[in-house]
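Here, residue 1 is the first one in the sequence, and each next residue gets the next number. Not measured: the values here are computed from a predicted model.
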Amino acid sequence: MPDLHDYIYVDWGPEFYAQHSGFYPDMERPAQVVNIGWLGIQLILSNGGSCFLPIRMAESFVWARRLHRVPCSPEFKLPSYMAYPLDTDSAVLTQVLGNLRRLATVERQTRYS
């Protein structure tokens, strides 16, 4: 369980809350709670500590050795959503949607294999 003294809970939404609570059912509310990931990063860079971040957000800081992964910490998989117009003739949008659907299929196959 994270050390509550320096743990920053980033509110990534209800799905994250459900998974986080399932993994840490007895955790009390951390002293620091933020609802924006970059704020969690700034707090850690300034004061130390830990929080859960998406890989895409933390990767450059890890490569720069400003942040590091906490060994044996859980990984949470969260859904992603996209809003787009249904009545468009955009070839680019059609291609992007096709690519995203293929990636989602691969992700589902990987998750449930």
Side-chain angles (χ1 to χ4, degrees):
M1 174 154 40
D3 178 7
L4 290 181
H5 174 70
D6 63 359
Y7 179 61
I8 300 163
Y9 179 86
V10 180
D11 184 355
W12 294 110
E15 180 68 26
F16 176 76
Y17 176 79
Q19 290 183 44
H20 188 276
S21 297
F23 204 88
Y24 301 113
D26 299 325
M27 178 185 264
E28 296 176 20
R29 180 178 170 88
Q32 296 187 74
V33 177
V34 298
N35 62 355
I36 302 172
W38 63 262
L39 183 54
I41 290 173
Q42 294 307 311
L43 287 169
I44 290 171
L45 293 175
S46 297
N47 306 309
S50 64
C51 70
F52 285 98
L53 296 169
I55 292 170
R56 70 181 188 288
M57 186 177 277
E59 190 171 43
S60 64
F61 293 97
V62 172
W63 280 103
R65 298 178 190 248
R66 297 186 70 203
L67 296 178
H68 66 275
R69 295 182 89 148
V70 175
C72 302
S73 61
E75 290 186 17
F76 300 109
K77 298 231 181 207
L78 301 175
S80 181
Y81 301 95
M82 179 178 158
Y84 60 91
L86 292 176
D87 58 346
T88 183
D89 294 331
S90 170
V92 172
L93 181 58
T94 301
Q95 181 181 3
V96 167
L97 288 171
N99 289 340
L100 287 172
R101 288 181 178 121
R102 281 189 288 284
L103 286 171
T105 299
V106 169
E107 174 65 23
R108 276 192 300 275
Q109 290 170 345
T110 304
R111 181 183 297 177
Y112 298 115
S113 329

- Answer with yes or no whether the hydrophobic clustering places Leu86 together with Leu97; edges join I, L, V, M, F, W, Y residues whose side-chain heavy atoms lie under 4.5 Å apart. yes
- Note on the structure: Here the gap from Trp12 atom CH2 to Ile36 atom CD1, rounded to the nearest 0.5 Å, amounts to 9.5 Å
- Any side-chain heavy atom of Phe61 within less than 4.5 Å of one from Ile41? yes
- Answer yes or no: is there a side-chain heavy-atom contact under 4.5 Å between Asp11 and Val34? no
- If two hydrophobic side chains count as joined below 4.5 Å and joins carry through other members, does Trp38 share a cluster with Trp63? no
- Residues two or more places apart in sequence or in another chain: which of them pass side-chain contact (heavy atoms from CB on, under 4.5 Å) with Ser90? Thr88, Val92, Leu93
- Looking at CD of Gln19 and NZ of Lys77, how far apart are the two atoms once the value is rounded to the nearest 0.5 Å? 10.5 Å
- Report the C-alpha separation of Ile44 and Cys51 in whole Å, then their side-chain angles, then the decisive distance to 0.1 Å, and conclude whether the side-chain contact (heavy atoms from CB on, under 4.5 Å) test is met. CA-CA 8 Å; Ile44 290 171; Cys51 70; 3.4 Å; yes
- Message: What's the separation between atom CG in Leu100 and atom OH in Tyr84, rounded to the nearest 0.5 Å?
- Response: 9.5 Å
- Message: Pair Asn47, Asp6 - check side-chain contact (heavy atoms from CB on, under 4.5 Å), show working.
- Response: CA-CA 9 Å; Asn47 306 309; Asp6 63 359; over 6 Å; no
- Message: When you compare the side chain of His20 with that of Tyr9, does any pair of heavy atoms fall below 4.5 Å?
- Response: yes
- Task: Kindly say whether Ala18 contributes a backbone atom to a donor-acceptor pair with the side chain of Ser21 at under 3.5 angstrom?
- Result: no
- Is Val70 reachable from Met57 through a run of I, L, V, M, F, W or Y residues, each pair having side-chain heavy atoms under 4.5 Å apart? no
- Are Leu45 and Leu67 close enough, and set up right, to give a side-chain contact (heavy atoms from CB on, under 4.5 Å), and what steps lead you there? CA-CA 8 Å; Leu45 293 175; Leu67 296 178; 4.0 Å; yes
- Phe76: what forms a ring pair (Phe, Tyr, Trp, His ring centres under 6.0 Å) with it, not counting sequence neighbours? Phe16, Phe52
- Item | Ion pair Glu75/Arg69, N-O distance below 4.0 Å | yes
- Message: Under a 3.5 Å distance rule, please check whether Gln32 uses its side chain to pair with a backbone N or O of Tyr7 as donor and acceptor.
- Response: no
